[in-house]
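Heads up, the thing below is written out as structure tokens.
Being a predicted model, the structure only gives us computed values, none of them experimental. One is the number of the first residue; the rest follow in order along the sequence.
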Amino acid sequence: QVQLVESGGGLVQAGGSLRLSCAASERTFSSTSMGWFRQAPGKEREFVATISWSGGATIYAASVKGRFTISKDNAKNTVYLQMNSLSPEDTAVYYCAAGTLSNYETEYDYWGQGTQVTVSS
């Protein structure tokens, strides 16, 4: 059972930056693709970004491409989401997940508890 723990959320002004972290409990992390999803109030959970087990491949949602960067440190069993140029539309609970390189939730087997990101205007 892989356990994922997100951190780094908080309140930031529009135009600011945050870096989310997601620490995994298993050494198998190095052979697992990782993704970030988010859910805004009253909306469905949506894909944000994903990274392959090696870190060599990434996929981003169109809404965050060019502003967010996903990265992975296999030595630390941690995946990061660097978020720049944040806007109020980025306000959501952000979840990390472990599974297959995909933008579909169903391809991920393990999920963290989520971390709140609030962007004020």
For [X], what residues pass the side-chain hydrogen bond (donor to acceptor under 3.5 Å, both in side chains) criterion, not counting sequence neighbours?
X: T118; result: Q116
X: Q39; result: none
X: S33; result: none

Which residues share a side chain to side chain contact (heavy atoms under 4.5 Å, CB included) with [X], sequence neighbours left out:
X: D73; value: A75, K76, Y80
X: E89; value: S87
X: Q113; value: V5, E6

Practice task
Any pair with a residue in residues 43-79 that passes disulfide (SG to SG under 2.5 Å), sequence neighbours left out, goes on the list, sorted by first then second residue, please.
Solution key: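 Disulfide (SG to SG under 2.5 Å) check on residues 43-79 returns no pairs.
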
Problem - disulfide (SG to SG under 2.5 Å) contacts touching residues 41-82 (sequence neighbours left out) - result: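 Disulfide (SG to SG under 2.5 Å) check on residues 41-82 returns no pairs.
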
Exercise for the section: Mark yes when over 12 heavy atoms from residues, nucleotides or ligands other than Q82 sit less than 6.0 Å from its CD; otherwise mark no. Expected result: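 Counting other residues, nucleotides and ligands, CD of Q82 exceeds 12 neighbours.
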
Exercise for the section: Could you tell me whether the side chains of Y108 and T50 share a donor-acceptor contact shorter than 3.5 Å? Expected result: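 Yes, T50 and Y108 have a side-chain donor paired with an acceptor closer than 3.5 Å.
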
Could you pull out all donor-acceptor pairs under 3.5 Å where a side-chain atom in residues 10-23 meets a protein atom, sequence neighbours excluded?
from	atom 1	to	atom 2	distance (Å)
S17	OG	N84	OD1	2.9

Exercise for the section: Could you tell me whether the side chain of W36 reaches within less than 4.5 Å of the side chain of I70, counting heavy atoms only? Expected result: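 When only atoms from C-beta onward are counted, W36 and I70 do touch, with a gap below 4.5 Å.
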
Exercise for the section: For residues V119 and V117, determine if any side-chain heavy atom of one lies less than 4.5 Å from a side-chain heavy atom of the other. Expected result: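 Heavy-atom side-chain distance check passes, below 4.5 Å.
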
Exercise for the section: Apply the test side-chain contact (heavy atoms from CB on, under 4.5 Å) to residues M34 and K72: give CA-CA distance (whole Å), side-chain angles for both, the deciding distance (0.1 Å), then the verdict. Expected result: CA-CA 8 Å; M34 300 293 296; K72 196 170 183 269; 3.7 Å; yes

Exercise for the section: Rounded to the nearest 0.5 Å, what's the gap from OG1 on T32 to CD1 on I51? Could you check? Expected result: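 Taking OG1 in T32 and CD1 in I51, the distance rounds to 12.5 Å.
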
Practice task
With rounding to the nearest 0.5 Å, note down the distance linking NZ in K65 to CD1 in I59.
Solution key: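 Output value for this atom pair is 9.5 Å.
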
Practice task
Not counting sequence neighbours, which residues clear ring-ring contact (aromatic ring centres under 6.0 Å, His included) with F47? List them please.
Solution key: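 For F47 the ring-ring contact (aromatic ring centres under 6.0 Å, His included) partners, ignoring immediate neighbours, are F37.
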
Practice task
Starting from the C-alpha separation in whole Å, work towards a yes-or-no answer on side-chain contact (heavy atoms from CB on, under 4.5 Å) for L81 and T69.
Solution key: CA-CA 6 Å; L81 186 68; T69 302; over 6 Å; no

Exercise for the section: With sequence neighbours excluded, give me every salt bridge (Lys or Arg N to Asp or Glu O under 4.0 Å) pair touching residues 103-113. Expected result: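 Every salt bridge (Lys or Arg N to Asp or Glu O under 4.0 Å) pair that includes a residue of residues 103-113, provided the two are not neighbours, is R45-E105.
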
Practice task
Tell me whether V93 is reachable from L86 by hopping between hydrophobic residues (I, L, V, M, F, W, Y) whose side-chain heavy atoms are closer than 4.5 Å.
Solution key: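 No; tracing contacts between hydrophobic side chains, which count when under 4.5 Å, never links both residues.
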
What pairs of donor and acceptor atoms, side-chain ones from residues 94-104 against any protein atom, are under 3.5 angstrom apart with sequence neighbours left out?
from	atom 1	to	atom 2	distance (Å)
Y94	OH	R38	NH1	2.9
Y94	OH	D90	O	2.6
S102	OG	Y104	N	2.9

